Amino acid sequence: MKKIDRYIIYNVLITYIFITFFLQILSIVIDISQRMHRLENNQGSIKQALICYYPFWSIWLANTFSPISVFLSIIFFTSRLTKNSEITAILSSGISFKRITIPYLISAFLIGGFSLIMNYYFLPMANKIKNKFHYQYLLSLSQKSQYENSKAISAQISNNEYLFIRNFSKKENIGHGFAYQKLNVNGNKLVYILKAKNIFWSQKYRIYILYDYIETYIKKNKDILFKGFYIKKNFSITPEELLPEEYIAENMTISELKKFINIEKKKRSHNINRHLNEYYQRTSLPFSTFIFTILGLSISSKMKKGGIGLNIIIGLILAFFYIFFIEISKVYSTKEYFPSYLSVWLPNIIMGVITLFIYWNRNKN
């Protein structure tokens, strides 16, 4: 590795760290000013938020917008090189533009690789703490009421088992109007029914307790009924899995998320695309680091009248377009207009094509 490579890599990483840190401080100040009233309404305090929420929120924010921070870092650093005619001097010395790209790609690999590992394994740990605080102290009263309301459950928990609860409160772990049905191995004949007026989930023993129950074994000649006051059952699926939190996918490592998605597919969950979006985005966002690195280099390595200011404006416009496009495509995916993997990767594909075109023109000149 040559001295020029080390110089570029070092400055890109330092600029990236500086911009990321600055954006975190700015974001926290703005966010606190907007959430102070809601914190007070939910008996929270700024001190609690600064200790139990914002450090973990900052990790999530930094990692989520890491490609944008890289983009701005590349633009800021390379524009300074261009303004000082250092890029021109390097090219004049016989080094090609493709060769200059290599240390930038190494920087992107270091940042993108770190972001990928964070997304897969460490960010979920921060999200657990962040989301727990958010739902306890930062929801509006109407949102909190809706979040804590009892909900109906209708789920297929295996190839031949179905579970229904008229309403279940996850806050109290109590439900009413329970029914469980089991089919034969071929899945074409009902062989067992279990009904109960009330159901309770024991968090301590990780088991369900049914009250005022009726068991029905459906035989060829006659049905066999059993009644009782209570019975303990293990249905191999917890209330957290039956009624997952909206943010549950964020709290899981990549392997846990994959298992969870398989369970949700069996249940035929309406939110499956939301979870798939999270799964594919764990990889697509770090990968976009390479796209934004090449794009930033291509835009800022050529002298313009507006200098650094114009490059930053162009960068912010493109970054806004990318984020807007991601959110729109995820909404369409959630509504099942097109597959999740396409909604998550399509912004990268489009930005990648734009980047290749701009880079090709810059390299040609």
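Predicted model, so just to flag it, every value in this text is computed and none were measured.
In this structure, Ile51 is not a member of the same hydrophobic cluster as Tyr54, with clusters built from ILVMFWY side-chain heavy atoms closer than 4.5 Å. Linking ILVMFWY side-chain heavy atoms closer than 4.5 Å, directly or via other members, places Tyr10 and Tyr104 in two distinct hydrophobic clusters. Residues Ile218 and Leu194 do not share a hydrophobic cluster, defined by chaining ILVMFWY side chains whose heavy atoms lie under 4.5 Å apart. Ile14 and Phe114 fall into different hydrophobic clusters, where Ile, Leu, Val, Met, Phe, Trp and Tyr are joined by side-chain heavy atoms under 4.5 Å apart, directly or via other members.
The two atoms that bring Ser301 and Thr82 nearest to each other are CA-OG1, 3.4 Å, heavy atoms only. For the residue pair Asn251 and Lys128, the shortest heavy atom distance occurs at O-CE, 3.1 Å. Closest heavy-atom contact between His176 and Ile165: O-CG2, 3.6 Å. Between Leu39 and Ala49, the closest heavy-atom pair is CD1-CB, 4.0 Å. Summarising the geometry of Met118 relative to Asn63, their closest heavy-atom pair is CB-OD1, 3.6 Å, with the distance given to 0.1 Å. The shortest heavy-atom contact between Asn273 and Ser333 is ND2-O, 2.6 Å.
Of the options Phe292, Phe321, Tyr322, a ring-ring contact (aromatic ring centres under 6.0 Å, His included) to Phe71 is made by Phe292 and by none of the others. Results of the side-chain contact (heavy atoms from CB on, under 4.5 Å) test with Tyr53 over Lys132, Arg35, Gln48 single out Arg35 as the only residue that passes.
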Query - Pair Ser45-Tyr137, side chain to side chain donor-acceptor pair (under 3.5 Å): steps then yes or no - result: CA-CA 9 Å; Ser45 68; Tyr137 295 108; over 6 Å; no
Requested in this report: Give the C-alpha distance, both sets of side-chain angles, the deciding distance and a yes or no for ring-ring contact (aromatic ring centres under 6.0 Å, His included) between Tyr211 and Phe229.
Outcome: CA-CA 5 Å; Tyr211 295 93; Phe229 176 65; 5.8 Å; yes
Query raised in the report: Should Ser66 and Tyr16 be marked as a side chain to side chain donor-acceptor pair (under 3.5 Å) after you check the CA-CA gap, both sets of side-chain angles, and the distance that decides it?
Result: CA-CA 9 Å; Ser66 178; Tyr16 167 76; 2.8 Å; yes
Requested in this report: Please report the C-alpha distance between Arg274 and Glu278 in whole Å, then the side-chain angles of each, then the deciding distance to 0.1 Å, and finally whether the salt bridge (charged side-chain N to carboxylate O under 4.0 Å, His left out) criterion is met.
Outcome: CA-CA 7 Å; Arg274 186 194 301 272; Glu278 173 67 24; over 6 Å; no
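Residues Ile174 and Ile199 have side chains not in contact (no heavy-atom distance under 4.5 Å, counting atoms from C-beta outward). Here the side chains of Tyr208 and Pro239 are in contact, with some heavy-atom distance below 4.5 Å. Pro286 has its side chain within reach of Asn119: a pair of non-hydrogen atoms, C-beta onward, lies under 4.5 Å apart. For the pair Leu295 and Ile358, the minimum side-chain heavy-atom distance is below 4.5 Å. At least one side-chain heavy atom of Ile28 sits under 4.5 Å from a side-chain heavy atom of Ser58. At a threshold of 4.5 Å between non-hydrogen side-chain atoms, the residues Lys219 and Asp223 do not count as touching. Ile231 is listed as a side-chain neighbour of Glu215, based on a closest heavy-atom distance under 4.5 Å. Contact of the Asn277 side chain with the Ser343 side chain is registered, since non-hydrogen atoms from C-beta on lie closer than 4.5 Å.
With salt bridges taken as basic N to acidic carboxylate O contacts below 4.0 Å, one links Glu250 and Lys130.
Checked by atom type and distance alone, the side chain of Lys189 never pairs as donor or acceptor with a backbone atom of Leu183 at under 3.5 Å. Judged by distance alone, with hydrogens and angles left aside, the side-chain atoms of Thr293 form a donor-acceptor pair with the main-chain N or O of Thr289 at under 3.5 Å. Asn361 contributes a side-chain N or O that, together with a main-chain N or O of Phe357, makes up a donor-acceptor pair within less than 3.5 Å. For Ser33 (side chain) and Ile30 (main-chain N/O), a donor-acceptor pair under 3.5 Å exists by modelled atom type. No side-chain donor-acceptor contact under 3.5 Å links Asp31 to the backbone of Ser27.
Within a 6.0 Å radius of CZ in Phe97, more than 12 heavy atoms belonging to other residues, nucleotides or ligands are found. Residue-environment remark: CZ (Phe22) stays at or below the threshold of 12 foreign heavy atoms within 6.0 Å. Within a 6.0 Å radius of CG in Asn159, other residues, nucleotides and ligands contribute 12 heavy atoms or fewer. Within a 6.0 Å radius of OH in Tyr7, more than 12 heavy atoms belonging to other residues, nucleotides or ligands are found. For CZ of Phe235, the number of neighbouring non-hydrogen atoms (other residues, nucleotides, ligands) closer than 6.0 Å is greater than 12.
Ring geometry for Phe290 against Phe109 counts as tilted: the plane angle lies between 30° and 60°, on a 0 to 90° scale. Ring planes of Tyr192 and Tyr180: perpendicular class, angle over 60° (limits at 30 and 60°). Ring geometry for Phe260 versus His275: interplanar angle over 60°, hence perpendicular rather than tilted (30 to 60°).
Note: Ile59 CD1 to Met125 CE = 11.0 Å, rounded to the nearest 0.5 Å.
For Ser255 and Tyr120, the side-chain atoms include no donor-acceptor pair closer than 3.5 Å.
Outside the 6.0 Å centre-distance limit, the rings of Tyr213 and Phe178 are not counted as a close aromatic pair. Outside the 6.0 Å centre-distance limit, the rings of Trp201 and Phe168 are not counted as a close aromatic pair.
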